[in-house]
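Let me begin by presenting the structure, written as structure tokens, before commenting on it.
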Amino acid sequence: MADIQSLRPLAAVAVPAVAIAFIYASNRRPNVREAATLLAAASTFVLVASMVPRTLAGDAYVTTLGAFVPLGGDVVEFTLRADALGMLFGLLASLLWVVTSFYSIGYMRGLDEHAQTRYFAAFAASVSSAVGVAFASNLLVLFVFYELLTVATYPLVTHDETAEARAAGRKYLAYTFGGGVAVLTGTVLVYVLAGNVSFAAGGIEGLAGADPTLGRAAFALLALGFGVKAALMPVHSWLPDAMVAPTPVSGLLHAVAVVKSGVFGIARVVLDVFGPETVSNLGVGVPLAAVAAFTLLMASVIALRQDNLKRRLAYSTVSQLSYIVLGLGIGASLGGDAARYALVGGLLHIPAHAFMKLTLFFCAGIIHVETHTDDISEMAGIGKRMPLTMVAFGVAAAGMAGIPLVAGFVSKFYLLIGTASGGEVAFTVALLVSGVLNIAYFWPVVYQAFFEDETPDGHDRKPLVEYPLGGRTDVAADGSGGRGAGDDHASGDGVQARGPQRPADPESEYAVDRNPSDHTDQGGELGDGAEEMVENDADHEHDAHHHHEGGAPAGGWERRGWLGQESTWFMLGPILTAAVGSIAIGVVPGRAVFLRIVEEVVRAATAATAVATTGVVF
């Protein structure tokens, strides 16, 4: 176990920051701008991934930049340190930046969004800050990058420049800067108590013998400050309001970078500032888990009442983040294998939730781009129009509910075993109830997409299976022949089979079918960029905002094939990639690098009081 002096942690933070200049320099050349984004994303991921093998062995890469804050005879250094816990967050953020960069190109061009250069530049700044959060070596450096992340993401939250977006941005700043003040206050108190703010596996040594009352106060301040971005109740309401941002922002920043910086900060506090033993001695782990349990249940109940898909996903995020915090709080309060199971479950839910929620947000975004539909009540039968998208949505939703063979099952199984074997039955019950609520608010979306048929007046919807599952096709659940809007013809055996659906009426209100943007061309190319976007801008904007307000067009959804006809592969590719990642963690968790990193984190954090996590994995 050694510290390796290297510039790689600094380079991983610097590459996205340097990319900002290239993105702005190519303002008038969209293809060059987006190529710079993709190159920076890939380079950052390669840099971070190159440090994984040694961190799995217990080593850490360190870049020391000299004195940061001199405090009398002591000095707080500005040091970046890529250890196992930092690698968990850094690898996740850098990997999913690559995926989201491709998706952003399809999304932003598909909607002919304004200020695309500012958008990509702010995205790069956000990832740079997130990697800085991951590799911060002490509380003060973490605080600096934590605040920079707030500044960098503000332009993304307010991207639409509407009154609603600006109000959401103001609320976002008020909450997150307020959380930053709490983090800074807690950091000062930790220094007063221990004379040190540098992270150490198992906790800072001086805190173990500090005054318990002040120790609890420091823990509460840090948990509150990081809990703002972790969306713990009652400081969660900024997150649903921030869904006014473009969907790629909601996906990466509000399912990965921003909210995960909050739960990552809590993980640092529990594991590397106070340490599990001190958290247990102070008695602060169970109250933290209780707040998380309350949040995951209440947010699930609120999600049931949301008709807007992105807001339902936002409250789902509030709930799912609390699984992580619950695992950290309970894991630090228990001992033996129960503690390790809970900690592994909580930490593994960081990447598991990221892949699943990214898939869900990407699906919401592609539905918006292609059909201008945002409300669940208007999505009956949309599986015909977007079959791949809705299958991916169903897979990710199943994982969020803890269904086997998807990532969410593995992390939640660990949490259930940890809480049950540790005697914390109340938390076990909370986890199980939350799983039922997850099914309750995700299943209607999948059910409507594939098993409800839209009707012109929006009423009398009946379950309908429109694909041959044996016997006749197009048979409605009530026994009547379910003849759709398309042309039917008699097959050779006399059975009525559905023929190709008639194209959408060119005079209908369906904006995307009336004037498809260049990204829906089935030739597979996005177009040359600026000139094509300028040509289509006026008609596309008029149609999107004035002709179609969402929901199925007159005559029903157009049927699309399963080979990508529903959209551009710039958007479908990232959706399927994120969905496959969700399945990979669920099917072969023992081979997933994220689980191996989590095992090393837990081993290091519990080494002072327990043996290594042999036998914890499947």
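Glu566 places a side-chain N or O within 3.5 Å of a backbone atom of Thr389 that can act as its donor or acceptor partner. Counting only distance, with no hydrogens or angles, the side chain of Gln448 and the backbone of Ile376 share a donor-acceptor pair below 3.5 Å. The backbone N or O of Ala380 lies less than 3.5 Å from a partner atom in the side chain of Trp557, making a donor-acceptor pair. Looking only at distances, no side-chain donor or acceptor of Ser319 sits under 3.5 Å from a matching main-chain atom of Tyr315. Without hydrogens or angle criteria, Ser434 side chain to Ala430 main chain gives no donor-acceptor distance under 3.5 Å. Counting only distance, with no hydrogens or angles, the side chain of Asp160 and the backbone of Thr162 share no donor-acceptor pair below 3.5 Å. Put simply, the side chain of Arg166 gets close to the backbone of Glu161: a donor and an acceptor are under 3.5 Å apart.
In this structure, Phe102 and Phe570 have tilted ring planes: the angle between them lies in the 30° to 60° band. Classification of the Tyr107-Tyr103 ring pair by plane angle, with boundaries at 30° and 60°, yields parallel. Ring geometry for His368 versus His372: interplanar angle over 60°, hence perpendicular rather than tilted (30 to 60°). Note: Trp238 and Tyr172 have tilted aromatic rings, judged against thresholds of 30 and 60 degrees for the angle between ring planes.
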Evaluate Met571 against Phe362 for side chain to side chain contact (heavy atoms under 4.5 Å, CB included), listing each step before the verdict.
CA-CA 8 Å; Met571 300 182 77; Phe362 280 178; over 6 Å; no
Might you work through the side chain to side chain donor-acceptor pair (under 3.5 Å) test for Thr176 and Lys229, ending with a clear yes or no?
CA-CA 7 Å; Thr176 53; Lys229 282 183 179 172; 5.5 Å; no
Please test Glu452 against Met379 for side chain to side chain contact (heavy atoms under 4.5 Å, CB included), starting from the C-alpha separation and ending with a verdict.
CA-CA 9 Å; Glu452 282 193 358; Met379 293 183 184; over 6 Å; no
Could you walk me through whether Leu343 and Leu328 pass the side chain to side chain contact (heavy atoms under 4.5 Å, CB included) test, one step at a time?
CA-CA 5 Å; Leu343 289 172; Leu328 292 167; 4.1 Å; yes
Can you check side chain to side chain contact (heavy atoms under 4.5 Å, CB included) on Asp374 and Asn308, steps first, answer last?
CA-CA 6 Å; Asp374 301 311; Asn308 181 274; 3.8 Å; yes
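With Tyr323 as the aromatic partner, Lys412 meets the cation-pi criteria of under 6.0 angstrom to the ring centre and within 45 degrees of the ring axis.
Salt bridge present: Glu558 and Arg560 bring a charged side-chain N and a carboxylate O closer than 4.0 Å.
Remark: Asp241 engages Lys171, Arg311 in a salt bridge (charged side-chain N to carboxylate O under 4.0 Å, His left out) (not counting sequence neighbours). With sequence neighbours excluded, the residues satisfying side-chain contact (heavy atoms from CB on, under 4.5 Å) with Ala115 are Arg118, His159.
Within the 4.5 Å cutoff, the side chain of Met233 has no heavy atoms near those of the Val291 side chain. Considering only heavy atoms from C-beta on, Val344 stays 4.5 Å or farther from Val601 through its side chain. Contact check for Phe355 versus Ile583: no side-chain heavy atoms found under the 4.5 Å cut-off. Between Thr187 and Leu222, some side-chain heavy-atom pair lies under the 4.5 Å cut-off. Here the side chains of Val256 and Trp97 are not in contact, with every heavy-atom distance at 4.5 Å or above. Using a 4.5 Å heavy-atom cutoff, the side chains of Leu85 and Asp272 are in contact. At a threshold of 4.5 Å between non-hydrogen side-chain atoms, the residues Phe361 and Thr317 count as touching. Two residues are said to be in side-chain contact when any heavy atoms from C-beta on lie closer than 4.5 Å; Leu288 and Val270 meet this criterion.
Looking at every heavy atom in both residues, Ile324 comes nearest to His349 through CG1-CB, 3.8 Å. Taking both residues in full, the closest heavy atoms of Ser322 and Leu232 are given as OG-CD2, 3.6 Å, listed atom of the first, atom of the second, then distance. Residues Ile266 and Ala230 come closest through the heavy atom pair CD1-CB, 4.2 Å. Contact detail for Ile23 and Ala121: the closest heavy-atom pair is CG2-N, 3.9 Å. Counting all heavy atoms, side chain and backbone alike, Gly346 lies closest to Leu415 at N-CD2, 3.6 Å. Pairing each heavy atom of Val244 with each of Ala168, the nearest pair is CG2-CB, 3.8 Å.
Side-chain N/O atoms of Ser126 and Thr153 include no donor and acceptor closer than 3.5 Å. Under 3.5 Å, the side chains of Thr419 and Tyr341 contain no donor-acceptor pair of N or O atoms. Between the side chains of Gln116 and Arg109, no donor-acceptor pair is found at a separation under 3.5 Å. Between Thr371 and Arg385, the side chains place no donor N or O within less than 3.5 Å of an acceptor N or O (distance only, hydrogens not considered). Looking only at atom types and distance, the side chain of Glu378 has no donor-acceptor partner in the side chain of Thr373 under 3.5 Å away.
Of the candidates Phe143, Tyr146, Phe219, Phe226 forms a ring pair (Phe, Tyr, Trp, His ring centres under 6.0 Å) with just one, namely Tyr146.
Separation of atoms CD1 (Ile597) and CD1 (Ile350) is listed at 11.0 Å; rounding is to 0.5 Å. Summarising the geometry, atom CG belonging to Leu156 is positioned 10.5 Å from atom CZ belonging to Phe120; distances are rounded to the nearest 0.5 Å. Within the model, atoms CE of Met390 and CD1 of Ile366 stand 11.0 Å from one another, a figure rounded to the nearest 0.5 Å. Note that the OG atom of Ser129 and the CG atom of Leu149 stand 5.5 Å from one another [nearest 0.5 Å]. With values rounded to the nearest 0.5 angstrom, Leu239 atom CG is found 7.5 Å from Leu321 atom CG. Atoms OG and CG, on Ser582 and Leu405 in that order, are 12.5 Å from each other to the nearest 0.5 Å.
Annotation: Phe294, atom CZ; neighbour count of heavy atoms from other residues, nucleotides and ligands within 6.0 Å does not exceed 12. Surrounding CD of Glu164 are at most 12 heavy atoms belonging to other residues, nucleotides or ligands under 6.0 Å away.
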